[in-house]
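Note that this is a predicted model, so its numbers are computed, not measured.
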Amino acid sequence: MPKVDEFDTFYDSTSRYVTHLTYAECGDRSVTAEAVAEAYEKAWRGWAKQRARDPLSYVRGEAFRQARLARGTRPWRRRHEDDSDLALIEALQELGSRPRRLIILQTLGELDLSAAARDVGISDSEAVAETQHAVTELEQALSQSIGQVESRLLGLSEVSEQIMLPSPSRVRYKARGRSRRHTLVAVAAACVGVIASGLIVTPTAPLGQAEAQERNRVGERPVSSARPGDAVTAKSLMNATEASRIDPSHDWTTVSTTSDEATDDERTADTADRASDAGDPLTACTPRRFATDDPRKTFVREFEAYGEPELAIQALEIARSTESAQAAFKRRLQWYADCSVPRVQMASAATIAGASSPVTILRLREFGSPSRTLTVGFIQAGVVNSVLVHRTDGAAPSVAAFGSALVESMRLSCAASGGPCTTSTKVAGAPLPRTSSNPGFLAAVDLPPVGRQTKPWGGTEPEPPSPNPAATMCDRASFMGPAVAKSRARVYVVPNDKAVPKQFGIGQAIATFRSPRQAATFVKRLEQRIAKCEDRNKAAKVVTGNAVKGSGYSGKTWRMTFETGRKSTISYRLALVRRGATVTEVAQSGTKRADLSAGQFNLVADRAAQRLAYWR
């Protein structure tokens with residue numbers, strides 16, 4: 001990855017996390033914004049060195065240092081944080097800088113005690129003693145338990161979330177400007193500040209065993225070296241403000257958060273099944289909630305819009321390997337491609353242009369009372385899969401807004417995923433997902449509901465089109481002959497559904513000719529037959545419908561009615577589409593009880609043309 005892209009990805013995935021910590025350190029939004037920006041500017045100036053070390057630890061420490069300097073040397077700059085937890089901020093400021101940083105790192109920073117000690121530059125025993133002392137001071141100052149204090153600390157993130165940060169390109173631009181203005185005096189002064197802050201160490205007696213157990217939640221447990229995904233927690237989920245990007249016209253709130261984390265010691269077949277199957281499926285098309293087999297961790301958060309029939313759900317799945325996460329992404333995509341739930345139709349597919357990792361966005365419609373629109377997106381990076389689902393009974397939000405929210409859903413977990421992070425939010429159209437069986441043909445999820453249909457669509461196995469089930473009395477198309485290299489046909493019906501008469505069905509035939517020219521000649525011949533059908537058959541009435549046109553394909557549709565008696569008729573809708581050397585014909589037989597509208601059939605014809613991309 002180019003150096004600029006690498007830094008921009010690092011900035012996008014970590015800057016909000018560093019902002020939360022820095023605000024807790026100083027309690028001043030203005031100081032926080034400047035300190036965070038300055039820290040990342042310094043990281044960029046020394047990126048060649050920092051990228052090979054631990055850039056997050058460097059930026060975190062530098063932001064703390066800048067915030068401390070600003071608060072210590074320019075106290076008049078302090079702002080009134082009336083909408084923040086002023087009592088907590090004051091109590092934190094009464095602590096020494098090092099104990100305060102230890103507390104922040106072990107709560108908001110989600111570091112264990114050993115990692116926090118390393119970050120501060122002291123031993124584990126010193127960190128235990130200083131943490132114990134700081135916890136006692138906070139409990140006494142706020143008259144609350146450490147658990148309550150920790151909840152209030154986490155609440156500061158809601159305030160720091162509002163702090164505006166510059167774009168990564170702006171950070172790099174300012175860093176270049178500062179480089180040109182820096183002098184040896186400034187560098188020396190900065191070095192002296194760093195050295196001085198590191199020399200203030202006050203050894204203290206270690207925390208007793210009994211007392212230590214009372215402070216477990218502040219981060220006493222030693223951990224092994226971090227693996228991809230270790231740092232992903234429930235705090236990596238989106239908050240209500242971030243979820244509102246899907247539809248900013250409403251106010252959003254968090255409804256619930258659930259998590260399931262299993263250590264390697266707890267890993268058994270039972271726990272693996274429980275983690276994979278826990279909870280209801282996110283949509284009707286998915287057989288289970290999580291696509292990852294034997295996940296290490298899973299997190300789910302549900303949001304709703306105030307007073308609106310609109311909800312969103314985010315799920316994070318942390319796999320035990322990148323290969324397992326990749327398999328989960330493909331599995332979930334296949335679930336939707338093969339969806340055969342009655343009255344559910346796939347409307348479109350999209351992705352993120354320039355994405356560094358797999359991304360898919362699908363829009364589906366649930367035809368019911370009321371009708372609903374589902375937008376489902378999933379993105380994978382390293383060992384992490386983030387799934388975002390939006391459901392509304394009203395007007396669907398733009399796919400562009402949903403795509404931006406989907407990328408945001410991975411931001412806080414991507415840096416710990418062990419994979420590349422996607423920062424682009426530009427949505428682009430994408431091919432429909434390939435079905436696992438009979439690719440190239442229409443799938444159940446492509447077909448609209450018929451009348452009061454309650455059973456799923458079903459299709460026969462493709463076989464040579466002799467006779468052609470899609471042919472009508474007007475076109476009399478034969479998809480067999482010396483010019484045809486390969487051809488197959490199948491029929492779609494809604495079996496065992498009393499709401500759909502047996503006479504209703506859809507036939508589709510596909511033929512690949514030996515050259516595009518032969519295919520074009522075949523289509524032209526059929527169009528001429530259809531144009532002359534009324535002259536040949538006085539009982540026929542033919543109306544030309546809408547054209548079918550897309551990337552690499554084009555065709556036409558017709559409505560045909562045939563009188564079969566004094567008061568009886570039969571009707572068909574017909575589509576003929578060519579894609580290169582391949583031609584597909586789709587015919588739908590209708591009755592008064594069950595028939596597709598012109599718009600519905602045109603979408604079916606267009607979908608048949610898109611599916612030809614998978615025909616081999």
Side-chain angles (χ1 to χ4, degrees), residues 1-23 25-26 28-71 101 105 109 111 118-119 121 160-161 163-195 197-198 226 231 354-357 381-382 407-408 410-426:
M1 182 186 295
K3 186 174 75 169
V4 169
D5 293 345
E6 186 180 57
F7 175 81
D8 288 359
T9 297
F10 168 71
Y11 178 84
D12 286 329
S13 61
T14 62
S15 56
R16 188 55 61 184
Y17 164 81
V18 174
T19 301
H20 295 331
L21 302 185
T22 309
Y23 180 72
E25 160 68 22
C26 67
D28 186 311
R29 290 173 208 176
S30 177
V31 169
T32 297
E34 293 185 15
V36 171
E38 174 71 11
Y40 279 96
E41 288 169 23
K42 288 193 172 186
W44 172 244
R45 290 201 294 271
W47 188 244
K49 178 174 65 175
Q50 298 301 334
R51 66 194 296 198
R53 297 181 178 179
D54 185 354
L56 180 56
S57 178
Y58 172 81
V59 169
R60 192 167 52 207
E62 189 61 31
F64 274 137
R65 191 180 74 83
Q66 292 295 330
R68 255 193 333 268
L69 288 174
R71 290 297 300 276
R101 186 172 171 186
L105 289 175
L111 299 186
R118 288 195 301 273
D119 207 75
S160 57
E161 190 69 38
I163 297 174
M164 299 296 293
L165 298 176
S167 66
S169 60
R170 180 64 179 170
V171 169
R172 289 186 277 103
Y173 174 79
K174 290 188 70 177
R176 288 195 296 271
R178 287 182 186 271
S179 281
R180 288 191 293 268
R181 295 193 300 271
H182 273 187
T183 65
L184 289 176
V185 175
V187 172
C191 291
V192 170
V194 172
I195 294 170
S197 63
S356 303
S357 55
V407 173
E408 178 68 21
M410 179 64 89
R411 179 175 59 83
L412 291 179
S413 55
C414 189
S417 70
C421 298
T422 294
T423 56
S424 169
T425 57
K426 184 179 180 181

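Using a 4.5 Å cut-off on side-chain heavy atoms (C-beta onward), Val59 and Tyr11 make no contact. A heavy-atom distance below 4.5 Å is not found between the side chains of Val18 and Phe64.
Rounding to the nearest 0.5 Å places CD of Glu408 at 10.0 Å from OG1 of Thr425. Atom CD of Gln66 is separated from atom CD of Glu25 by 12.0 Å, given to the nearest 0.5 angstrom. To the nearest 0.5 Å, atom CZ of residue Arg60 and atom OG1 of residue Thr14 are 10.0 Å apart. Atom-to-atom distance recorded for Cys421:SG and Asp8:CG is 12.0 Å, nearest 0.5 angstrom. If you take NZ on Lys174 and OH on Tyr40, they are separated by 15.5 Å, rounding to the nearest 0.5 Å. In this structure, CD in Glu38 is found 12.5 Å from OG1 in Thr22, a value given to the nearest 0.5 Å.
Minimum interatomic distance between Lys426 and Ser424 (heavy atoms only, all atoms of both residues): N-OG, 3.3 Å. Contact between Ser15 and Val36 at its shortest, heavy atoms only, is O-CG1, 4.4 Å. For the pair Arg16 and Ile163, the tightest heavy-atom approach, listed with the atom from each and the gap, is NH1-O, 3.0 Å. Residues Pro55 and Gln50 share a closest heavy-atom pair of CD-O, 3.4 Å. The minimum heavy-atom distance linking Ala415 with Ser13 is given by the pair CB-OG, 3.6 Å.
Listed for the Arg65 side chain is no donor-acceptor partner under 3.5 Å among the backbone atoms of Ala35. Side-chain atoms of Tyr23 never come within 3.5 Å of backbone atoms of Arg29 as a donor-acceptor pair (strictly under, hydrogens ignored).
Classified by interplanar angle (parallel below 30°, tilted 30° to 60°, perpendicular above 60°), the ring pair Trp47/Phe7 is perpendicular.
For the side chain to side chain contact (heavy atoms under 4.5 Å, CB included) test with Ser356, the passing option among Thr422, Thr9, Thr423 is Thr422; the others fail.
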